[in-house]
Trainee: 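Below you'll find the structure I mean.
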Amino acid sequence: MGNDFASKKNSTAVVIFSFNRPRYLEQTLRSLEANSLEGLDFYLYQDGAINQFSGRTAADQSDITASIDLWNEAKLPNKHLIQKEYNVGIGIAQYEAKVFLFDEMKYDRVMFFEDDMVVSKYYVHLLQIMLAQFQDETRVGAVMCHGGVPKLFEEVEFQKLLPQVRPSFDNFWAWATWRDRWETIRPTFDKYYEFIKNVDYRKRPTNQILNFYIRQGANINVTSQDAAMCYAFVSHGYGCLNTMVHRGIYIGAVGEHMYPEKYKILGYSVIDQVDYEQDKTLDKFEGYSEGGLIEAVRTYKVSRSFATNESLKRLEHKEPVVIPELKSSNPLPIKAPSTVQQEGMKQALPRRKIAIDNSSMLQPGWQSISSKEFDLSKQDDFLRCWQKNSLETILADDVWNNLTVGQANQAARNCFDFLKTGGTLRIAVPDGNHPDPAYLADVYLESRKAGRRQRVLYNYKSLVDCLKQAGFIVNLLEYWDENRVLCTFDWESDNGKIQRSKKSIDNSKPFLNTSLIVDAIKP
């Protein structure tokens with residue numbers, strides 16, 4: 001890598017990835033200095049200011065210099081600096097560091113820290129316990145202690161959960177793995193690396209990467225190196241383990257994949273305590289079982305549509321809840337459009353992105369259609385406007401739940417027929433697994449006020465089942481599971497904005513106003 005290194009002193013390395021945020025890096029380094037660090041070699045991977053592929057000025061050189069100065073001053077043992085002349089981006093940086101530390105330097109274990117995580121004074125100690133405890137567990141691919149999605153517990157729960165671990169598919173921020181795991185997953189991760197190795201990370205070929213995932217039977221809608229790492233692990237049957245309780249504070253409100261509004265909505269600002277004196281004497285974690293981790297990986301694969309794996313048994317989906325027809329004093333039946341309306345629709349619909357009953361959230365290039373004039377369950381309504389295999393995106397927000405089960409199944413088949421290969425049907429509906437009774441009461445009330453008939457209340461399994469029967473690969477974006485846990489995945493608004501969602505920055509009650517949201521992709 002163009003740097004001189006002393007001989008390796010230990011079998012475990014720690015690498016910190018740094019770029020242009022010295023105020024974050026300083027907090028990360030100070031928190032690591034408070035840990036017990038015997039038996040570790042430390043590396044800083046410092047990215048450059050000018051991107052070597054696009055020539056883009058990615059950072060102010062003064063921030064790069066300030067970061068290096070902080071490293072030189074840091075009170076960490078066995079320090080080494082890997083300084084890049086040019087900017088390569090976090091994807092290449094992470095890959096090169098793994099190849100160097102595992103393949104060239106032959107470290108048995110490596111801990112990876114990004115420059116925006118303030119960790120507990122026992123974080124390294126806890127990672128070392130996990131690395132030792134789970135080294136011979138062949139289903140565990142990686143370990144971490146940052147706690148994942150922000151969650152607060154009552155004091156009574158805290159004491160019970162401190163030594164507990166759980167399966168994790170969270171961000172790879174402050175984590176560790178073993179050389180044999182890296183050697184196993186590297187060929188899979190190499191396929192992702194081929195897409196990013198010669199381009200500016202910000203200009204990586206998103207569509208090519210997504211199409212690659214779809215061809216593998218995995219519908220993953222983000223192209224970050226974190227998503228690629230998770231895909232590589234689960235593809236080989238590995239799950240990752242995270243602690244139930246937070247031992248790290250994610251401080252990166254400004255970064256490549258984060259901005260202040262998103263940071264606040266996701267709840268990272270609420271985590272304020274990570275040091276627990278009980279951790280000083282903790283010597284073993286509880287809650288792990290091989291069977292539980294296998295099931296977690298299997299469930300994750302189903303949620304991400306790893307449909308081509310023949311050894312993956314399909315989960316038994318629950319039937320949708322059919323709601324008795326609501327009596328309305330002013331019913332609004334769907335009427336077929338008149339001939340004049342039909343001609344108007346043909347002239348007004350040159351675009352290939354359509355949204356049913358959703359106009360306020362549309363972006364340029366979209367066409368809004370009222371369900372009073374267009375019935376998704378009727379193929380003739382499609383044929384009046386489009387040819388088969390011609391649409392790019394269909395957005396159905398608060399529509400599917402107003403169809404009968406039979407109409408929904410037919411609507412799914414129609415959408416499949418009229419979407420192009422790779423086209424997306426995005427659906428948002430009220431979530432039948434939502435734990436708040438007030439939420440379900442609001443669903444019925446809003447339906448009455450709008451003069452609609454709330455016919456079906458879906459959960460994530462029944463909606464996935466409906467769409468898979470039509471041939472779609474289904475990607476869950478937001479849903480409540482059976483354990484009253486809100487599951488959310490990073491998704492973009494290109495396939496349609498959803499107002500009632502945890503992602504919405506305008507949502508003042510994100511947990512009350514969530515939706516069951518899926519993307520169904522035509523393979």
Trainee: With sequence neighbours excluded, tell me which residues meet side-chain hydrogen bond (donor to acceptor under 3.5 Å, both in side chains) with Asp60.
Mentor: Ser62

Trainee: Are Tyr192 and Phe189 near enough that their ring centres are under 6.0 Å apart?
Mentor: yes

Trainee: Taking ring-ring contact (aromatic ring centres under 6.0 Å, His included) as the definition, give me every residue that meets it alongside Tyr24, ordered by chain and number, with sequence neighbours left out.
Mentor: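 ring-ring contact (aromatic ring centres under 6.0 Å, His included) check on Tyr24 returns nothing, list empty.
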
Trainee: Partners of Thr177 by side chain to side chain contact (heavy atoms under 4.5 Å, CB included), sequence neighbours excluded?
Mentor: Phe102, Phe112, Ala142, Trp175, Arg181, Phe233

Trainee: As a test of understanding, state which of Phe113, Trp173, Tyr250 forms a ring pair (Phe, Tyr, Trp, His ring centres under 6.0 Å) with His146.
Mentor: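 Result: among Phe113, Trp173, Tyr250, Trp173 is the only option passing the ring pair (Phe, Tyr, Trp, His ring centres under 6.0 Å) with His146.
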
Trainee: Output all residues satisfying ring-ring contact (aromatic ring centres under 6.0 Å, His included) with Phe53, sequence neighbours left out; order by chain, then residue number.
Mentor: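 None.
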
Trainee: Can you list everything that forms a side-chain hydrogen bond (donor to acceptor under 3.5 Å, both in side chains) with Arg139? Sequence neighbours excluded, please.
Mentor: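 Once residues adjacent in sequence are excluded, Arg139 has no partner under the side-chain hydrogen bond (donor to acceptor under 3.5 Å, both in side chains) criterion.
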
Trainee: Taking Asn402 for the side chain and Asp398 for the main chain, is one N or O donor matched with an acceptor at less than 3.5 Å?
Mentor: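 Yes.
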
Trainee: What residues, two or more places apart in sequence or in another chain, satisfy side chain to side chain contact (heavy atoms under 4.5 Å, CB included) together with Phe416?
Mentor: Phe472, Lys522, Pro523

Trainee: Kindly say whether Asn207 contributes a backbone atom to a donor-acceptor pair with the side chain of Asn211 at under 3.5 angstrom?
Mentor: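 Indeed, once roles are kept as given, a pair shorter than 3.5 Å links the two residues.
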
Trainee: Just to verify, what does Asp226 make a salt bridge (charged side-chain N to carboxylate O under 4.0 Å, His left out) with, not counting sequence neighbours?
Mentor: none

Trainee: Would you find a donor on one side and an acceptor on the other, under 3.5 Å apart, between the side chain of Ser390 and the backbone of Trp386?
Mentor: no

Trainee: Any side-chain hydrogen bond (donor to acceptor under 3.5 Å, both in side chains) pairs touching residues 419-428, not counting sequence neighbours?
Mentor: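 Checked against side-chain hydrogen bond (donor to acceptor under 3.5 Å, both in side chains) - neighbours excluded - the pairs reaching residues 419-428 are Arg426-Asp519.
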
Trainee: Would you please name every residue forming a side-chain hydrogen bond (donor to acceptor under 3.5 Å, both in side chains) with Gln208, sequence neighbours left out?
Mentor: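 For Gln208 there are no side-chain hydrogen bond (donor to acceptor under 3.5 Å, both in side chains) partners, ignoring immediate neighbours.
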
Trainee: Would you confirm whether Ser515, through its side chain, and Ile517, through its main-chain N or O, come within 3.5 Å as a donor-acceptor pair?
Mentor: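 No: the side chain of Ser515 does not pair with the backbone of Ile517.
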
Trainee: Distance-only, no hydrogens or angles: does the Thr243 side chain make a donor-acceptor pair with backbone N or O of Cys145 under 3.5 Å?
Mentor: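 Here the side-chain-to-backbone pair exists.
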
Trainee: Classify the ring geometry between Tyr460 and Tyr479 as parallel (under 30°), tilted (30 to 60°) or perpendicular (over 60°).
Mentor: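 Judged by the thresholds at 30° and 60°, the geometry between Tyr460 and Tyr479 is tilted.
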
Trainee: Just to verify, which of Asn433, Leu476, Asn459 counts as forming a side chain to side chain contact (heavy atoms under 4.5 Å, CB included) with Leu516?
Mentor: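 Output: one option passes, namely Leu476.
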
Trainee: Applying side-chain hydrogen bond (donor to acceptor under 3.5 Å, both in side chains), can you list everything that pairs with Tyr95, at least two apart in sequence or on another chain?
Mentor: Arg186, Asp190

Trainee: Between Asn87 and Ala49, is there a donor-acceptor pair closer than 3.5 Å when you use the side chain of the first and the backbone of the second?
Mentor: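 Looks like no, no N/O pair under 3.5 Å.
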
Trainee: Excluding sequence neighbours, so at least two apart, what forms side chain to side chain contact (heavy atoms under 4.5 Å, CB included) with Asp115?
Mentor: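 Only Ser18, Arg21, Leu25 meet the side chain to side chain contact (heavy atoms under 4.5 Å, CB included) criterion with Asp115.
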
Trainee: Can you list everything that forms a side chain to side chain contact (heavy atoms under 4.5 Å, CB included) with Thr184? Sequence neighbours excluded, please.
Mentor: His236, Tyr238

